[in-house]
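Just so it is clear, the values below take in all heavy atoms, side chains as well, and ignore hydrogens, waters and symmetry mates.
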Amino acid sequence: MEKPIVYTSGECPYSLAVKEYLKNNHIDFEERNISLCPEGKRELMKLGYSLVPVVVYGDTIITGFEPEQLNELKIRVRKNG
């Protein structure tokens with residue numbers, strides 16, 4: 001099953017909020033902390049973004065902490081899981 005990829009950075013409060021939301025909703029994800037992983041930062045830049053958090057799942061991209069969009073992602077992940 002494909003997991004959402006969450007691009008984060010350090011102690012960014014919005015990154016922490018996204019991760020907490022996903023964990024609380026039992027959604028497995030792969031975290032790529034761009035502060036620690038240069039490859040993750042390059043991937044994020046290729047997507048056209050430089051700020052975090054960014055969540056990528058298939059063709060869906062969510063920037064920032066957007067509960068409504070994360071809820072839609074939760075439904076989609078569970079449907080595909």
Side-chain angles (χ1 to χ4, degrees):
M1 176 174 78
E2 179 185 7
K3 295 180 186 179
I5 298 171
V6 182
Y7 294 92
T8 66
S9 178
E11 295 300 314
C12 166
Y14 297 109
S15 294
L16 295 172
V18 167
K19 293 189 307 183
E20 183 176 331
Y21 178 92
L22 295 174
K23 287 176 186 175
N24 288 342
N25 285 279
H26 310 286
I27 299 171
D28 290 333
F29 61 93
E30 182 178 329
E31 180 179 6
R32 300 204 181 143
N33 184 327
I34 65 168
S35 298
L36 303 174
C37 175
E39 181 60 31
K41 186 171 186 174
R42 282 191 290 275
E43 291 173 14
L44 186 62
M45 299 293 279
K46 274 187 178 179
L47 292 170
Y49 299 96
S50 59
L51 300 176
V52 293
V54 174
V55 180
V56 178
Y57 182 69
D59 61 353
T60 299
I61 297 177
I62 301 170
T63 59
F65 177 66
E66 298 293 338
E68 187 174 305
Q69 291 180 24
L70 289 169
N71 191 51
E72 291 173 14
L73 175 75
K74 174 180 72 174
I75 293 166
R76 188 168 166 211
V77 167
R78 289 187 177 160
K79 187 179 198 181
N80 292 335

How long is the gap from [atom1] on [X] to [atom2] on [Y], to the nearest 0.5 Å?
{"X": "Leu51", "Y": "Thr63", "atom1": "CG", "atom2": "OG1", "value": "9.0 Å"}
{"X": "Lys19", "Y": "Phe65", "atom1": "NZ", "atom2": "CZ", "value": "13.0 Å"}
{"X": "Lys3", "Y": "Tyr57", "atom1": "NZ", "atom2": "OH", "value": "12.0 Å"}
{"X": "Leu22", "Y": "Leu70", "atom1": "CG", "atom2": "CG", "value": "6.0 Å"}

Co-members of [X] in a cluster of I, L, V, M, F, W and Y side chains, linked at under 4.5 Å:
{"X": "Leu36", "answer": "none"}
{"X": "Ile75", "answer": "none"}
{"X": "Val56", "answer": "Ile5, Tyr7, Ile34, Leu44, Leu47, Tyr49, Val52, Val54, Ile61"}

Exercise. Between the side chain of Asn25 and the main-chain N/O of Tyr21, is any donor-acceptor distance below 3.5 Å?
Worked result: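 Yes, Asn25 side chain to Tyr21 backbone: donor-acceptor pair under 3.5 Å.
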
For this session: Not counting sequence neighbours, list each pair that qualifies as a salt bridge (charged side-chain N to carboxylate O under 4.0 Å, His left out) and has a residue in residues 40-55.
Result: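 Salt bridge (charged side-chain N to carboxylate O under 4.0 Å, His left out) check on residues 40-55 returns Arg32-Glu43, Glu39-Arg42.
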
Problem set entry | Pairwise salt bridge (charged side-chain N to carboxylate O under 4.0 Å, His left out) hits with a residue in residues 64-81, at least two apart |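 Only Asp59-Arg76 qualify under salt bridge (charged side-chain N to carboxylate O under 4.0 Å, His left out).
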
For this session: Of all the heavy-atom pairs spanning Met45 and Ser50, show the shortest one and how long it is.
Result: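 Taking Met45 first and Ser50 second, the nearest heavy atoms are SD-CB, 3.9 Å.
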
What side-chain donor-acceptor pairs closer than 3.5 Å can you find for residues 8-17, not counting sequence neighbours?
residue, atom, partner, partner atom, Å
Thr8, OG1, Glu31, OE2, 2.7
Ser9, OG, Ser35, OG, 2.7

